[in-house]
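Working notes, beginning with the structure itself.
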Amino acid sequence: MTTKSKVIVITGASSGIGEATAKLLAKKGHRLVLGARREKKLQEITDSINSDGSQSIYAPVDVTDLKSVQSLADLALKQYGRIDVWMNNAGLMPHSEFIKGRVDDWNRMIDVNLRGVLYGINSALPTMRKQKAGQFINVASVAAHSVHPGGGVYSATKAGVWMISEALRQEEAAAGSNVRVTVVSPGAIATELVNHVTDPDQKKAMNAYYDQFASSPQRVASAILSAVDLPADTAINEIVLRPTRQG
Ligand SMILES: NC(=O)c1ccc[n+]([C@@H]2O[C@H](COP(=O)([O-])OP(=O)(O)OC[C@H]3O[C@@H](n4cnc5c(N)ncnc54)[C@H](OP(=O)(O)O)[C@@H]3O)[C@@H](O)[C@H]2O)c1
């Protein structure tokens, strides 16, 4: 299969869905620009991608810091001269019930899952407007569509990502900018996500659930590849994918 090589920026590329997507898209001939906080992991991932002749670069990025996110966009432009796809993927899911009062976790989710996405849009949209082409891939969740005890703040941030994405889609369609918007809403996927749950009761329950149901991040990467490689006159606006056995 041959496709035009696109310049693709991914936040949260140091593990899980971001890492799997970076590796697959690079293998298919796209040029990757990776951001996350763990520089050593990014170095290993880019080394692994580049060892077979594919192209990737990275920068340490904290998506809660607008300047840091902007620097990732600047790196893509400096190295490759354009940004075809920006994947807002960085996120975390420290579930807990409200009575536990884990305010720091609530704030981290709002900062990373919501502000991080807005900062990504802010950093790449002007370039895409100039190019008259581009695509945002915003990672939400099945939790954008439903909520369960302990998941109130996470679902709120992911529903927010969904709403932000739909408004962006409508604005860009009205502007005739050819900027596509794709929301990716996965179910349980085996990544490091559950490692960062701080509430012991939630962590135990979620580990058991993920052990039973979770499927691989490569499945999400394959779905993202099809949204990226679709001809520019058509957009997949949302991908909802779950392990088949997940209720
Ligand atoms: N796994 C699932 O079941 C599932 C289901 C639905 C949606 N999702 C969503 O999928 C996305 C990716 O998560 P994952 O499952 O692949 O989990 P993961 O393996 O924990 O990956 C999360 C990524 O986000 C990065 N990150 C966290 N805080 C950051 C910050 N402040 N600045 C920059 N990067 C940051 C992490 O890198 P550093 O620590 O190196 O910064 C890591 O690369 C998230 O938005 C998550 O909500 C996951």
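Numbering of ligands and ligand atoms starts at 1, following listing order. On a predicted model such as this, the values are computed, not experimentally measured, just so you know. Values reported hereafter were calculated over all heavy atoms of this structure, with side chains retained and with hydrogens, waters and symmetry mates removed.
Although no hydrogens or angles enter the test, the distance criterion places no donor-acceptor pair under 3.5 Å between the side chain of Asn113 and the main chain of Thr157.
For Arg115, the salt bridge (Lys or Arg N to Asp or Glu O under 4.0 Å) partners two or more places apart in sequence, or in a different chain, are Asp111. Contacts of Lys130 classified as side-chain contact (heavy atoms from CB on, under 4.5 Å), with partners at least two apart in sequence or in another chain: none.
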Ligand 1 polar-atom proximity to protein (N/O, under 3.5 Å):
unit_1	atom_1	unit_2	atom_2	d
ligand 1	1 (N)	Ile189	O	3.0
ligand 1	1 (N)	Thr191	OG1	3.2
ligand 1	3 (O)	Gly187	O	3.2
ligand 1	3 (O)	Ile189	N	2.9
ligand 1	3 (O)	Ile189	O	3.4
ligand 1	3 (O)	Tyr210	OH	2.7
ligand 1	15 (O)	Thr191	OG1	2.7
ligand 1	16 (O)	Ile17	N	2.8
ligand 1	17 (O)	Thr191	OG1	3.2
ligand 1	19 (O)	Ser15	OG	2.8
ligand 1	19 (O)	Glu192	N	3.2
ligand 1	20 (O)	Leu193	N	3.4
ligand 1	21 (O)	Ser15	OG	3.3
ligand 1	28 (N)	Arg37	NH2	3.3
ligand 1	31 (N)	Asp62	OD1	3.0
ligand 1	32 (N)	Val63	N	2.9
ligand 1	37 (O)	Ser14	OG	2.8
ligand 1	39 (O)	Arg37	NH2	2.9
ligand 1	39 (O)	Arg38	NE	3.2
ligand 1	40 (O)	Ser14	OG	2.8
ligand 1	40 (O)	Arg37	N	3.4
ligand 1	40 (O)	Arg38	N	2.9
ligand 1	40 (O)	Arg38	NE	2.8
ligand 1	41 (O)	Arg37	N	2.8
ligand 1	41 (O)	Arg37	NE	2.7
ligand 1	41 (O)	Arg37	NH2	3.4
ligand 1	43 (O)	Gly12	O	3.1
ligand 1	43 (O)	Ser14	N	3.3
ligand 1	43 (O)	Ser14	OG	2.8
ligand 1	45 (O)	Asn89	O	2.8
ligand 1	45 (O)	Lys158	NZ	2.9
ligand 1	47 (O)	Tyr154	OH	2.7
ligand 1	47 (O)	Lys158	NZ	3.1

Table please: side-chain donor-acceptor pairs of residues 136-147 below 3.5 Å, with sequence neighbours left out.
unit_1	atom_1	unit_2	atom_2	d
Asn138	OD1	Asn88	ND2	2.9
Asn138	ND2	Ser165	OG	2.9
Ser141	OG	Ala143	N	2.8
His145	NE2	Glu238	OE2	2.7

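Counting heavy atoms of neighbouring residues, nucleotides and ligands inside a 6.0 Å radius, atom CZ of Arg82 exceeds 12 of them.
Using a 4.5 Å cut-off on side-chain heavy atoms (C-beta onward), Val9 and Leu72 make contact.
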